[in-house]
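Shown below is the structure under consideration.
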2 protein chains.
Amino acid sequence: MLRPAARPAPGRAAPLFAALGDATRLKLVARMSARGPLSIARLAEGSSLTRQAITKHLKVMEEIRLVRSRRRGRERIWSLEPRRVEEARRYLEAVASQWDAALDRLQRLVEK
Amino acid sequence: MLRPAARPAPGRAAPLFAALGDATRLKLVARMSARGPLSIARLAEGSSLTRQAITKHLKVMEEIRLVRSRRRGRERIWSLEPRRVEEARRYLEAVASQWDAALDRLQRLVEK
DNA sequence: TTCATAAGCAACCTCCAGGTTGCATATTAC
DNA sequence: GTAATATGCAACCTGGAGGTTGCTTATGAA
């Protein structure tokens, strides 16, 4: 009985948004999403930051399972976890529609 | 010619997610979205934090236009800015579908 | 087998986000 | 008019996020 994934509580969703809320990390996400799985070296390429800084950011995102990594030879390959992205997306969708509903309610109250 | 609102660059979208990425702020968003426009006092109600702390959070969100406020008598009423929520939502939607596309491309490459 | 590449580990630094307290000011209620 | 309510302003404190440097280790290439 696969339930339709209820909206998570704000306390649970916040860390997800926090992970996305750093420009460096969001660029990493964008790069992965554009090119597919990439090694740290590839991800750090062109950045003004150190490779170690990039690694730290990746670990932050891994901790909340926004990305995952696997070792391949001497490299470590990083992938996006699309289910988490989707989870965040749905949260915002719910917020927006709930807000609309609240406004509608108030509007009707005034009209009465 | 109202264009369909292109996906913003990571650098522009990150502050939006950062604003959502704090548990206190996300709770404020949730509360507004559930009940409609609310005063600071209402928003601070039940929280363990100071009213001033709440005010600071609201200002953070106002700065990036995730919420707006208007004065009404001695109160200040805070509302959600649903277009910004929608903007963030679309960003995530784009990330997810781009990732899927990248995987598909790679998959087809392997099969060839 | 030796050199170059890719990554991991750890210690350290700095600044500012997220809080607080204390006081001032504007509105509203009685 | 006076007390209570709702908010604004400012100074201050503190931990941890986001960086760096330096060194080590594993793997691949020639």
Side-chain angles (χ1 to χ4, degrees), chain A residues 10-32 35-80 88, chain B residues 10-32 35-80 88:
Chain A
R12 246 203 83 213
L16 196 44
F17 290 118
L20 294 163
D22 175 276
T24 302
R25 285 196 293 266
L26 199 55
K27 276 174 201 159
L28 291 173
V29 166
R31 200 174 260 210
M32 282 186 250
R35 309 195 195 162
L38 290 173
S39 71
I40 297 181
R42 287 288 187 188
L43 285 167
E45 221 166 39
S47 165
S48 64
L49 299 187
T50 329
R51 171 184 55 85
Q52 284 86 338
I54 302 293
T55 297
K56 276 197 185 178
H57 282 299
L58 289 168
K59 281 187 173 167
V60 167
M61 294 194 281
E62 186 175 41
E63 208 141 321
I64 62 144
R65 302 180 199 282
L66 179 57
V67 302
R68 46 200 288 227
S69 71
R70 61 179 189 283
R71 194 111 201 206
R72 194 183 65 187
R74 65 180 154 180
E75 297 181 314
R76 181 172 291 276
I77 307 294
W78 295 83
S79 306
L80 215 55
Chain B
R12 246 203 84 212
L16 195 44
F17 290 119
L20 294 163
D22 175 277
T24 302
R25 284 196 294 265
L26 200 54
K27 276 174 202 161
L28 291 173
V29 166
R31 200 175 261 209
M32 281 186 250
R35 309 194 196 163
L38 290 173
S39 72
I40 297 181
R42 287 288 187 186
L43 284 167
E45 221 166 41
S47 165
S48 64
L49 299 187
T50 328
R51 171 185 55 86
Q52 284 88 337
I54 302 293
T55 297
K56 275 197 185 179
H57 282 298
L58 289 169
K59 281 186 175 168
V60 167
M61 294 194 282
E62 186 175 41
E63 207 140 324
I64 62 144
R65 304 179 197 282
L66 179 57
V67 303
R68 48 201 289 224
S69 71
R70 60 180 189 283
R71 193 111 200 204
R72 194 182 64 187
R74 66 182 154 182
E75 296 181 315
R76 180 172 291 277
I77 306 294
W78 295 82
S79 306
L80 216 53

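Within every chain, numbering begins at 1; the chains are lettered A, B, ... in the order of the sequence lines, protein sequences first and strands thereafter. Because only heavy atoms are used, hydrogens play no part in the values below, and waters and symmetry mates are left out as well, while side chains stay in.
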Practice task
Whole angstrom is fine here: how far is it from CG in B:Leu20 over to P in C:dA17?
Solution key: 16 Å
Handout entry: Side-chain heavy-atom pair B:Arg25, B:Leu20 within 4.5 angstrom cut-off
Key = no
Problem - Of A:His57 and B:Trp78, the one whose closest DNA chain D nucleotide lies more 5' - result: B:Trp78
Handout entry: Minimum side-chain heavy-atom gap A:Leu28-A:Val67 below 4.5 Å
Key = no
Practice task
Please determine, by modelled atom types, if A:Ser79 and A:Arg68 share a side-chain donor-acceptor pair under 3.5 angstrom.
Solution key: no
Exercise for the section: Quickly work out the B:Asp22 CG to C:dA17 C1' distance and round it to whole Å. Expected result: 9 Å
Exercise for the section: Flag the pair A:Met61 / A:Val29 as yes when at least one side-chain heavy-atom distance between them is below 4.5 Å, and no otherwise. Expected result: yes
Exercise for the section: Drop me the distance from A:Arg72's CZ to A:Ile77's CD1, to the nearest 0.5 angstrom. Expected result: 4.0 Å
Problem - A:Glu62 with A:Lys59: basic N within carboxylate O range, under 4.0 Å - result: no
Handout entry: Within-4.5 Å side-chain heavy-atom neighbours: B:Leu43 and B:Arg31
Key = yes
Problem - Side-chain touch B:Trp78/B:Leu58, heavy atoms, less than 4.5 angstrom - result: yes
Handout entry: A:Gln52 backbone acceptor or donor facing A:Thr50 side chain under 3.5 Å
Key = no
Practice task
Check the distance between C:dT5's P and A:Arg71's CZ and give it to me in whole angstrom.
Solution key: 17 Å
Fill in the blank from the handout: Terminal axes of the helix from C:dT1-D:dA30 to C:dC30-D:dG1 (5 end pairs apiece), angle rounded to 10 degrees, sit apart by 30°
Handout entry: Value in whole Å for how far the P atom of C:dA6 lies from CZ of A:Arg70
Key = 17 Å
Problem - Contact interval (first through last nucleotide) of DNA chain D with protein chain B, 4.0 Å heavy-atom - result: D:dA4 to D:dC9
Handout entry: Distance in angstrom units between A:Arg74 CZ and C:dA7 P, rounded
Key = 9 Å
Practice task
Please work out if A:Arg25 contacts a base, only the sugar-phosphate, or nothing of the nucleic acid, heavy-atom cut-off 4.0 Å.
Solution key: sugar-phosphate
Practice task
Look at atom CZ of A:Arg76 and say whether more than 12 heavy atoms of other residues, nucleotides or ligands are closer to it than 6.0 Å.
Solution key: yes
Exercise for the section: Give the rounded distance in Å between these two atoms: CG of A:Leu38 and C1' of C:dA6. Expected result: 14 Å
Exercise for the section: Round to the nearest Å and state the distance from A:Glu75 atom CD to C:dG8 atom P. Expected result: 11 Å
Problem - Close residues, residues 45-55 of chain B, relative to DNA chain C [heavy-atom separation under 4.0 Å] - result: B:Leu49, B:Thr50, B:Gln52, B:Ala53
Exercise for the section: Please check the phosphate of C:dC9 (OP1 and OP2 only) for any side-chain N or O of A:Lys59 closer than 4.0 Å. Expected result: yes
Practice task
Could you tell me whether the side chain of B:Glu45 reaches within less than 4.5 Å of the side chain of B:Arg51, counting heavy atoms only?
Solution key: no
Handout entry: For atom NZ of A:Lys56 and atom C1' of C:dA7, their distance in whole Å
Key = 15 Å
